[in-house]
Peer 1: 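Sharing a structure here in structure tokens format.
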Amino acid sequence: MLIEHQHPDNKSIMVAILGAPNVGKSSMINYLLGLDLSIVTNKAQTTRNKFHCVFTVDHTEVILVDTPGLHKSNQELNKRLNEQAREGTEGADINLLLIDLSKEIFPQITEFKENIQRELGETWIVFTKSDRIENAEALPLAEVFEKAKEVLPELTKFFVVSSKSGDNMHALTGALCDSAKPGPHLYDGGEISNKNERFFATEYIREQAFELLKDEIPYEVAVVVDEYKDMRQRDEFDRGKKPSVTAFISATILVNRPSQRAIVVGSKGTMIKEIGTRSRKKIEAMVAGKVHLNLHVKVSPKWFKNNFVLEELGLPRAQDSNRVWRKR
Ligand SMILES: Nc1nc2c(ncn2[C@@H]2O[C@H](COP(=O)(O)OP(=O)(O)OP(=O)(O)O)[C@@H](O)[C@H]2O)c(=O)[nH]1
Ligand SMILES: [Mg+2]
């Protein structure tokens, strides 16, 4: 829709969701969206790419930017994840710094200050996982917040929320909408993300791999889609008949070592079958139709240091990237 055709009451706000790994960024986004769009697991560093998640309240568009958890690391993959998080602040009207109430609070604030390495605009603290604390109201969070302002002067507000119970989510949504500025919607065609279904298909496969695989294996797993045939697009040429299969997807799970390949495939292929069945259900819910999913496992030694693979995963070089990396 042309900008001049948008409703005159339209407002918009872009909000970067920041914080350490596992603090509940993607869970909070899904709660606010009312949709399991972003992948959530109990493992740290689940989110690997920054992306927009969009919802509207009346005429106000709220764009939440999910980001990987900021943390210290000298590994190339982690440097690129941190870069994604830092880039997530670009163009944001407000940053939300999520702090996990079930962990020690103040180190999370000082670590964020060290890791963000950027000038930030207005920032609010969102204390998460309040359901895990018996009496969250009794915590001296106002005092903590005042102390946090000495480290991060850009802090102006704080909230205490839970993505499990939904506590205070309305207050947070209301405050974000109140801060939105009059102007056109960036996503005015009902889009909920700037990433496509192909991206979310790889995410849903990786989510199940993270859930089902133990120990360090998830961190050495990546997923690439080799082929994604969207039959709905073809169907337009086929006199509007609804296709019996909505998408044919062929994807590869990359692992670092042959022993990991054996685990991901599982005895008689049981593990790969389970990853496939679970992720296919989630992809089918997304595309609202039947999906054929073909999964392979490939050993790609040190893929997490390989510039070619990392770029294919949507992770370009970071400012502090290591100088040497493998070429194609
Ligand atoms: N009890 C409780 N658990 C939560 C809450 N929010 C998130 N979790 C759990 O915390 C874990 C991490 O949640 P995520 O949403 O993936 O965290 P994240 O910050 O996106 O993590 P990364 O993408 O790895 O940076 C999952 O096991 C969630 O179920 C909450 O409000 N209450
Ligand atoms: Mg996440």
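In listed order, ligands and their atoms are each counted from 1. Fair warning: this is a prediction, and the values are worked out from it, not measured in the lab.
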Peer 1: If you count the atoms of ligand 1 from 1 in the order shown, which ones are under 4.0 Å from a heavy atom of Q45?
Peer 2: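 Those qualifying, in numeric order: 24 (O).
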Peer 1: Please tell me whether S162 and D131 have a donor and an acceptor in their side chains that are separated by less than 3.5 angstrom.
Peer 2: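 Distance-only check passes for S162 and D131.
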Peer 1: Test your reading of the structure: does T46 have an N or O sitting under 3.5 Å from an N or O of ligand 1?
Peer 2: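 Yes: some nitrogen or oxygen of T46 is under 3.5 Å from one in ligand 1.
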Peer 1: Under 3.5 Å, is there a donor-acceptor pair linking the side chains of Q260 and N256?
Peer 2: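 No, because no side-chain N or O of Q260 sits under 3.5 Å from a partner of the opposite role on N256.
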Peer 1: Are W124 and F159 close enough that their ring centers fall under 6.0 Å?
Peer 2: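 W124 vs F159: aromatic centres under 6.0 Å.
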Peer 1: For atom 26 (C) of ligand 1, what is the nearest protein heavy atom, given as residue, atom name and distance?
Peer 2: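 Of the protein heavy atoms, T41 O, 3.3 Å lies nearest.
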Peer 1: Check E83 with R86, please: is the shortest side-chain N to carboxylate O separation under 4.0 Å?
Peer 2: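 Yes, this pair counts.
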Peer 1: Identify the closest protein heavy atom to atom 27 (O) of ligand 1: which residue and atom is it, and at what distance?
Peer 2: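 In this structure, atom 27 (O) of ligand 1 has N42 CA, 3.3 Å as its nearest protein heavy atom.
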Peer 1: We want to know whether N322 and K79 form a side-chain donor-acceptor pair, criterion being a heavy-atom distance below 3.5 angstrom.
Peer 2: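 Side chains of N322 and K79: pair found under 3.5 Å.
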Peer 1: Could you identify the single nearest non-hydrogen protein atom to atom 10 (O) of ligand 1 and state the distance to 0.1 Å?
Peer 2: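 Residue, atom and distance for the closest contact: K129 NZ, 3.1 Å.
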Peer 1: Out of L18, D131, V23, T67, whose heavy atom sits nearest atom 32 (N) of ligand 1?
Peer 2: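 Closest candidate by heavy-atom distance is D131.
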Peer 1: Is the closest heavy-atom distance from S162 to ligand 1 below 4.0 Å?
Peer 2: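 S162 counts as a contact of ligand 1 under the 4.0 Å cut-off.
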Peer 1: Looking only at side chains, do N307 and R80 share a donor and an acceptor under 3.5 Å apart?
Peer 2: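 Yes - a donor-acceptor pair under 3.5 Å links their side chains.
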Peer 1: To 10 degrees, how wide is the angle OG1 (T47) to the Mg ion (ligand 2) to OG (S26)?
Peer 2: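 Output for this angle: 90°, rounded to tens.
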Peer 1: What is the closest protein heavy atom to atom 21 (O) of ligand 1, and at what distance does it sit?
Peer 2: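 Its nearest protein heavy-atom neighbour is N22 N, 3.0 Å.
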Peer 1: Just checking, is any N or O donor in the side chain of K72 or N115 under 3.5 Å from an acceptor N or O on the other one?
Peer 2: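 The answer is yes; a qualifying pair exists.
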Peer 1: To check your reading of the model: name the closest protein heavy atom to atom 15 (O) of ligand 1, its residue, and the distance in Å.
Peer 2: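 Residue, atom and distance for the closest contact: S27 OG, 2.6 Å.
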Peer 1: Should we say atom CG of N74 is surrounded by more than 12 heavy atoms from elsewhere, each under 6.0 Å from it?
Peer 2: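 Counting other residues, nucleotides and ligands, CG of N74 stays at 12 neighbours or fewer.
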Peer 1: Within 45° of the ring axis of Y204 and under 6.0 Å from its six-membered ring centre, is that where the NZ or CZ of K282 lies?
Peer 2: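 Checked: cation-pi criterion met.
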Peer 1: As a quick check of understanding, evaluate side chain to side chain contact (heavy atoms under 4.5 Å, CB included) for I105 and F127, giving each step before the final call.
Peer 2: CA-CA 9 Å; I105 295 173; F127 294 106; 3.9 Å; yes
Peer 1: If we only count N/O pairs under 3.5 Å, is S163 in contact with ligand 1?
Peer 2: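 Such a contact does occur with ligand 1.
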Peer 1: Need the ligand 1 atom indices (1-based, order shown) with element for anything under 4.0 Å from a heavy-atom of G69.
Peer 2: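 So the answer, numbered in order with elements, is 25 (O).
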Peer 1: Provide the number and element of each atom of ligand 1 under 4.0 Å from a heavy atom of A44.
Peer 2: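 It comes down to these atoms of ligand 1: 24 (O).
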Peer 1: Does a side chain donor of either S26 or S38 reach within less than 3.5 Å of an acceptor in the other side chain?
Peer 2: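 There is such a pair between these side chains.
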Peer 1: For atom 2 (C) of ligand 1, what is the closest protein heavy atom, and at what distance to 0.1 Å?
Peer 2: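 Of every protein heavy atom, K164 CG, 3.3 Å lies nearest to atom 2 (C) of ligand 1.
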Peer 1: As an exercise, identify every atom of ligand 1 less than 4.0 angstrom from a heavy atom of P21.
Peer 2: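 Close to P21: 25 (O).
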Peer 1: Measure the distance from atom 17 (O) of ligand 1 to every protein heavy atom, then report the residue, atom name and distance (to 0.1 Å) of the closest one.
Peer 2: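 Ranked first by proximity to atom 17 (O) of ligand 1 is G24 N, 3.1 Å.
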Peer 1: Looking only at protein heavy atoms, identify the closest one to atom 25 (O) of ligand 1 and say how far it is in Å.
Peer 2: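 Ranked first by proximity to atom 25 (O) of ligand 1 is K25 NZ, 2.8 Å.
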